[in-house]
Enquirer: 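Quick one: the structure is below, and I'll ask about it shortly.
Since the model is a prediction, treat every value here as computed from it, not as a measurement. Worth knowing before you read on, the calculation uses all heavy atoms, side chains too, and leaves out hydrogens, waters and symmetry mates. Numbers restart at 1 for each chain; the letters A, B, ... are given by sequence-line order, proteins then strands.
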Protein chains: 2
Amino acid sequence: MATIDDVARLAGVSTATVSRALRGLREVSGPTRTRVLEAAARLGYVASPSASRLAGGKTRSIAVVVPRITRWFFATAVEAVERTLHEAGYDLLLYNLGGREGARRRLVHQAASLHKRVDAMMLMATPLQPEDIDVVAGLPLPGITVSSGTPVTGWPSVRIDDVAAAATATRHLLALGHRRIAHISGDPTDELPFTTHLDRRAGYELALREAGLEPDPARYAEAPFTIAGGSHATTELLGRGMPPTAIFAACDEMAMGAMAVLRQTGLRVPEDVSVVGIDDHDAAAAVGLTTVAQPAAEQGRLAARTLLEPLCLGTELVPTTTVLPTMLVIRQSTSVPRAREGER
Amino acid sequence: MATIDDVARLAGVSTATVSRALRGLREVSGPTRTRVLEAAARLGYVASPSASRLAGGKTRSIAVVVPRITRWFFATAVEAVERTLHEAGYDLLLYNLGGREGARRRLVHQAASLHKRVDAMMLMATPLQPEDIDVVAGLPLPGITVSSGTPVTGWPSVRIDDVAAAATATRHLLALGHRRIAHISGDPTDELPFTTHLDRRAGYELALREAGLEPDPARYAEAPFTIAGGSHATTELLGRGMPPTAIFAACDEMAMGAMAVLRQTGLRVPEDVSVVGIDDHDAAAAVGLTTVAQPAAEQGRLAARTLLEPLCLGTELVPTTTVLPTMLVIRQSTSVPRAREGER
DNA sequence: CTGAAAGCGCTTACAG
DNA sequence: CTGAAAGCGCTTACAG
């Protein structure tokens with residue numbers, strides 16, 4: 001393995017000059033730089049990250065924490081983050097809580113250790129206890145939160161307005177004439193106290209009340225934010241009798257699960273039951289799902305850039321909250337309710 | 001930030017002893033160890049990874065390369081890998097090729113640099129050019145390949161038998177009496193030369209020939225391994241006229257896309273068209289999809305353990321190929337073809 | 001623009 | 001079982 005000394009010797013300069021030339025610092029003359037680059041190339045030299053981290057104090061890597069990498073939103077956002085980071089020469093350390101409270105605790109516990117291995121951290125929809133927030137905010141490390149989840153004092157945040165997105169979805173159903181609108185969301189079995197479903201439920205109830213309807217707990221069912229979760233919640237809902245004419249699912253994965261169960265039960269979508277979700281999942285167009293689109297990749301990209309800027313430019317990280325727009329995308333899973341059709 | 005010197009001073013021992021005590025080496029007496037641990041705890045001391053990597057030569061991190069983290073198989077496998085690695089105290093550096101040839105090239109190009117930042121690497125379904133294989137195999141770094149993708153000389157491998165899995169799916173349809181069996185797979189638009197679809201197509205053709213049928217190119221359509229891809233391929237297939245009585249999709253995501261399009265076209269599943277996939281995706285049960293199940297998390301876990309063992313125990317990495325079993329799971333998306341039904 | 005030298009914070013023979 | 005000391009391979013004031 002070639003070291004910086006080998007390159008210095010071959011190029012006939014000091015290691016300081018090699019270091020400067022290779023990093024593109026401009027206090028190096030053209031000819032010298034050329035000699036160094038040639039020597040480095042000849043030896044196949046690559047600086048040791050451990051050594052430069054120790055000497056330079058920068059790790060050029062970022063920790064990204066997600067609840068579950070298997071869910072569409074996080075996988076899509078992480079993909080964008082990964083690309084942005086690697087293009088900037090940064091490494092991505094992945095931490096997947098996997099819905100385990102133990103993993104969350106370990107993460108907070110390790111915070112002190114984490115800050116020695118990364119230059120910044122990105123928390124996606126990560127729930128934190130009040131005492132954790134202080135620990136995390138107290139790290140000598142810039143950070144950002146993405147999507148809902150606990151805000152961290154002094155950290156910027158990139159997200160959508162979950163209450164508004166949910167209200168938009170619900171208002172769409174109301175405008176079509178639906179009154180018996182169910183909502184599937186949340187995850188009672190989850191060890192971690194996520195908050196996304198709370199905001200979305202609030203938006204649903206807000207829209208109902210605007211329309212003069214009182215939210216009915218019997219029209220609410222909980223399950224994980226997955227296709228299977230949507231199926232379970234819908235099955236539970238149907239089991240209560242008096243089926244809804246429409247279902248607002250807190251995310252597209254749940255909406256797809258709902259559509260599957262409805263059809264297996266012999267109910268047509270949208271003729272018998274309309275379904276709307278939130279996300280604009282890759283598959284939403286394929287299955288004809290009406291949804292409130294949110295820019296997942298864009299949130300990841302933006303968050304990564306926000307973190308990278310102060311790291312690369314040495315500027316201050318400004319704790320701004322960026323709320324990205326959502327948009328209703330009407331496809332084939334929603335229509336006027338049957339009763340209403342009859343009226344015409 | 002407390003350093004090892006602070007701890008040594010507070011505990012009244014040398015830094016060498018602190019280092020040994022904290023890492024649990026047993027050449028430290030009980031009382032001394034206790035004093036060191038107390039001092040470290042009091043100071044909130046955590047060893048600097050950069051320093052111990054430089055001094056010790058081990059990074060305690062592993063690079064995991066996936067084609068697309070957004071696809072079910074990779075997200076599920078990575079989740080298992082992440083858990084296994086973190087439980088062993090290893091960090092996971094994520095590299096997502098994102099279907100970009102440039103990313104693959106950069107990865108191989110960076111190989112020399114990569115080996116200085118990780119102790120091992122895991123390549124999931126990563127296609128390599130013949131010349132790349134030598135580069136990768138030549139790294140002074142243990143590695144493992146997971147799922148199909150180019151084998152690397154001297155590296156172990158964890159996978160399923162893709163040809164057999166595809167044959168199982170196809171034979172299931174043949175046994176039900178289907179003769180017009182279409183296959184959707186592959187991805188002509190992908191920049192990267194993946195191989196999974198080739199194996200699965202081979203298994204499909206193998207099973208057809210066993211049954212005395214000649215594979216018909218008109219019954220084959222290509223698209224990405226996603227729900228949307230499955231929809232596109234199925235739409236293309238249907239556009240050719242003479243619809244098949246059954247579709248074998250190369251993965252469950254494609255199968256779900258196929259089911260969506262069939263239903264939108266007014267065709268019932270399975271009454272008019274049977275659909276079978278490969279994976280046993282989280283959502284397969286919810287949508288009633290018959291599939292050949294493969295253990296995605298298990299492959300990730302096993303691959304991580306295989307890599308960890310030699311790293312932790314200092315033993316040799318044995319280049320074994322582990323082929324995990326697959327299993328046909330019959331649900332509601334397959335049945336006897338209509339013509340056959342009439343015969344009864 | 002370039003170099004000599006200190007220092008980053010650990011681990012590891014080596015000696016006792 | 002413990003310590004003094006060298007060394008891992010860089011970066012960065014400082015001086016010129």
Enquirer: B/Tyr45 has a side chain; which of D/dG3, C/dC10, D/dA13 sits nearest to it?
Expert: C/dC10
Enquirer: Can you tell me if B/Ser29 touches the phosphate of D/dC1, counting only side-chain N or O atoms and a distance under 4.0 Å to OP1 or OP2?
Expert: no
Enquirer: Return the CG to CD distance between A/Leu324 and A/Gln294, rounded to the nearest 0.5 Å.
Expert: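 One finds 9.0 Å between CG of A/Leu324 and CD of A/Gln294.
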Enquirer: Between B/Thr17 and D/dG3, is there a side-chain N or O to OP1/OP2 distance below 4.0 Å?
Expert: yes
Enquirer: Are the side chain of B/Thr34 and the backbone N or O of B/Gly30 linked by a donor-acceptor pair below 3.5 Å?
Expert: yes
Enquirer: Whole angstrom is fine here: how far is it from CE in B/Met1 over to P in C/dG9?
Expert: 11 Å
Enquirer: Quick one: does A/Arg53 reach the base of C/dG9 with a side-chain donor-acceptor pair under 3.5 Å?
Expert: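 By the distance-only test, no, there is no pair.
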Enquirer: What's the CZ-P distance between A/Arg9 and C/dG3, to the nearest Å?
Expert: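 Going from CZ in A/Arg9 over to P in C/dG3 covers 14 Å.
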Enquirer: Taking the side chain of B/Ser48 as heavy atoms from C-beta outward, which of C/dC10, D/dC10, D/dA4 is closest to it?
Expert: C/dC10
Enquirer: When you check the phosphate oxygens OP1 and OP2 of D/dT12, does a side-chain N or O of A/Arg23 lie under 4.0 Å from one of them?
Expert: yes
Enquirer: Does the side chain of A/Ser29 come under 3.5 Å of the side chain of A/Arg33 through a donor N or O and an acceptor N or O?
Expert: no
Enquirer: Of the candidate nucleotides D/dC8, D/dT11, D/dT12, which contains the atom at the shortest distance from the side chain of A/Ile4?
Expert: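 Within the option list, the nearest is D/dT11.
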Enquirer: Could B/Arg117 and A/Asp91 be called an ion pair, given the rule that one side-chain N must be under 4.0 Å from one carboxylate O?
Expert: yes
Enquirer: Under 4.0 Å between a side-chain N or O of A/Ser19 and OP1 or OP2 of D/dT12?
Expert: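 For D/dT12, OP1/OP2 do not have a side-chain N/O of A/Ser19 under 4.0 Å.
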Enquirer: Between A/Thr145 (side chain) and A/Ser157 (backbone), is there a donor-acceptor pair under 3.5 Å?
Expert: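 Checking the backbone N and O of A/Ser157 against the side chain of A/Thr145, no donor-acceptor pair under 3.5 Å is found.
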Enquirer: Side chain of B/Arg20 only, please: which of D/dT11, C/dG3, C/dT12 is the nearest?
Expert: C/dT12
Enquirer: Would you say the side chains of B/Asn96 and A/Glu82 form a donor-acceptor pair under 3.5 Å?
Expert: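 Result is no, nothing qualifies.
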Enquirer: Can you tell me if B/Ser14 touches the phosphate of D/dA4, counting only side-chain N or O atoms and a distance under 4.0 Å to OP1 or OP2?
Expert: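 Checking D/dA4 against B/Ser14, no side-chain N or O comes under 4.0 Å of OP1 or OP2.
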Enquirer: For residues 53-77 of chain A, which residue pairs pass the ring pair (Phe, Tyr, Trp, His ring centres under 6.0 Å) check, not counting sequence neighbours?
Expert: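 Ring pair (Phe, Tyr, Trp, His ring centres under 6.0 Å) check on residues 53-77 of chain A returns A/Trp72-A/His281.
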Enquirer: Nearest to the side chain of B/Leu54, which nucleotide is it out of C/dG7, C/dG9, C/dC10?
Expert: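 Given the options C/dG7, C/dG9, C/dC10, the side chain of B/Leu54 is closest to C/dG9.
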Enquirer: Just how far, in rounded Å, is P of D/dC8 from NZ of B/Lys58?
Expert: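 Roughly 15 Å, once rounded to whole Å.
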Enquirer: Can you tell me if the side-chain N/O atoms of A/Ser50 get under 4.0 Å from OP1 or OP2 in D/dC8?
Expert: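 For A/Ser50, the contact criterion (side-chain N or O under 4.0 Å from OP1 or OP2 of D/dC8) is not met.
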Enquirer: Stem finding on DNA chain C, please: runs of three or more consecutive Watson-Crick or G-U wobble pairs, both distances under 3.5 Å, sorted by first number.
Expert: C:1-3 with D:14-16, C:5-12 with D:5-12, C:14-16 with D:1-3
Enquirer: Starting at NZ of A/Lys116 and ending at C1' of C/dC10, how long is that distance when rounded to a whole Å?
Expert: 10 Å
Enquirer: What's the CG-P distance between B/Leu22 and C/dG9, to the nearest Å?
Expert: 16 Å
Enquirer: Where each residue is assigned the nucleotide of DNA chain D containing its nearest heavy atom, which of B/Thr32 and B/Gly56 is assigned the position nearer the 5′ end?
Expert: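 Its nearest nucleotide lies further toward 5', so the answer is B/Thr32.
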Enquirer: Once you round it to whole Å, what is the distance between P of C/dG3 and CG of A/Leu25?
Expert: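 Rounded to whole Å, this separation is 15 Å.
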Enquirer: Between the side chains of A/Arg42 and A/Glu38, is the shortest nitrogen-to-carboxylate-oxygen separation below 4.0 Å, so that they form an ion pair?
Expert: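 Between A/Arg42 and A/Glu38 there is no salt bridge, as every charged N stays at least 4.0 Å from the carboxylate O atoms.
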